[in-house]
Amino acid sequence: DVKVTQSSRYLVKRTGEKVFLECVQDMDHENMFWYRQDPGLGLRLIYFSYDVKMKEKGDIPEGYSVSREKKERFSLILESASTNQTSMYLCASSVTSGRGNEQFFGPGTRLTVL
Amino acid sequence: DAKTTQPPSMDCAEGRAANLPCNHSTISGNEYVYWYRQIHSQGPQYIIHGLKNNETNEMASLIITEDRKSSTLILPHATLRDTAVYYCIVRPNTNAGKSTFGDGTTLTVKP
């Protein structure tokens with residue numbers, strides 16, 4: 001089974017802190033994604049990466065950056081956390097094949113910024 | 001990606017089939033239909049996907065109409081653990097799996 005793990009299930013940070021959210025997948029997938037999920041807004045794509053050191057902006061990249069130095073690891077960085085970044089953060093990975101590219105999600109990190 | 005429309009909520013009796021509809025009238029020829037579900041406080045879980053033929057796996061069946069403008073996810077024998085939000089997504093096979101999730105359908109399975 002594909003496994004996508006995230007470094008923390010719950011995280012509490014203060015405004016202005018730098019926050020790192022780590023995601024690791026063990027199935028050699030080339031594509032990795034970061035979403036945030038908020039009530040009434042669904043899942044929104046922040047960034048994604050289709051290869052090591054490659055990244056592309058999603059729908060809401062402002063206030064975030066990402067890093068992909070190794071294929072299995074995709075990090076989301078909040079340079080200076082703000083209260084409006086309190087949310088559930090979900091990481092996903094996928095492999096592009098001839099029959100589709102279903103995404104596999106991690107359990108999520110619930111981040112609270114005080 | 002094409003937009004999808006799903007009912008906000010549905011109920012189903014335990015042991016009965018749950019049929020979850022999805023409209024995607026603007027779907028393009030190269031777009032697949034994907035279904036995911038999200039149980040409370042967990043990440044979304046892939047269920048099934050298809051292009052134009054009906055599909056079945058150990059979790060569910062996917063029925064896609066001939067014109068591909070709508071589809072139905074069928075859980076043949078719903079259990080209480082199937083209570084979740086179900087998302088229908090359409091997207092091409094070439095965008096690396098980048099998905100746009102709508103509001104989905106909250107399915108409540110009742111004893």
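In what follows, chains carry the letters A, B, and so on, assigned in the order in which the sequence lines appear, proteins first and then strands, with residues in each chain numbered from 1.
- Side chains of A:Gln103 and B:Ile89 form no contact here, defined as non-hydrogen atoms less than 4.5 Å apart.
- Grouping the Ile, Leu, Val, Met, Phe, Trp and Tyr side chains by contacts below 4.5 angstrom, directly or via other members, places A:Phe104 apart from A:Met32.
- Residue contact with chain B, scored on non-hydrogen atoms closer than 4.5 Å, involves the side chain of A:Leu45 exclusively.
- A:Phe33 and A:Tyr89 fall into different hydrophobic clusters, where Ile, Leu, Val, Met, Phe, Trp and Tyr residues are linked whenever their side-chain heavy atoms come under 4.5 Å apart, directly or through other members.
- Using a 4.5 Å heavy-atom cutoff, the side chains of B:Gln42 and A:Phe105 are not in contact.
- Between chain B and the residues A:Gly42, A:Gly58, A:Pro107, A:Gly108, the most heavy-atom pairs under 4.5 angstrom are made by A:Pro107.
- The CD atom of A:Glu102 lies 10.5 Å from the CD1 atom of B:Ile48; values are rounded to the nearest 0.5 Å.
- Put simply, B:Leu107 and B:Met59 are part of the same group of oily side chains (I, L, V, M, F, W, Y) that touch within less than 4.5 Å, one to the next.
- There is no contact between A:Gln6 and chain B, counting heavy-atom distances below 4.5 Å.
- Taking the six-membered ring for Trp and thresholds of 30 and 60 degrees, B:Phe101 and A:Tyr35 have ring planes more than 60 degrees apart, a perpendicular arrangement.
- The cluster map of Ile, Leu, Val, Met, Phe, Trp and Tyr, joined by side-chain heavy atoms under 4.5 Å apart, puts A:Phe48 and B:Tyr36 in the same cluster.
- Heavy-atom distances place the side chain of A:Arg9, and not its backbone, under 4.5 Å from chain B.
- Both A:Leu11 and A:Phe74 belong to a single network of hydrophobic side chains, linked directly or stepwise wherever heavy atoms of I, L, V, M, F, W or Y lie under 4.5 Å apart.
- In this structure, B:Pro44 and A:Leu90 approach most closely via the heavy-atom pair CD-CD1, 3.9 Å.
- The minimum heavy-atom distance between B:Tyr87 and A:Gln37, with the atom names listed, is OH-NE2, 3.4 Å.
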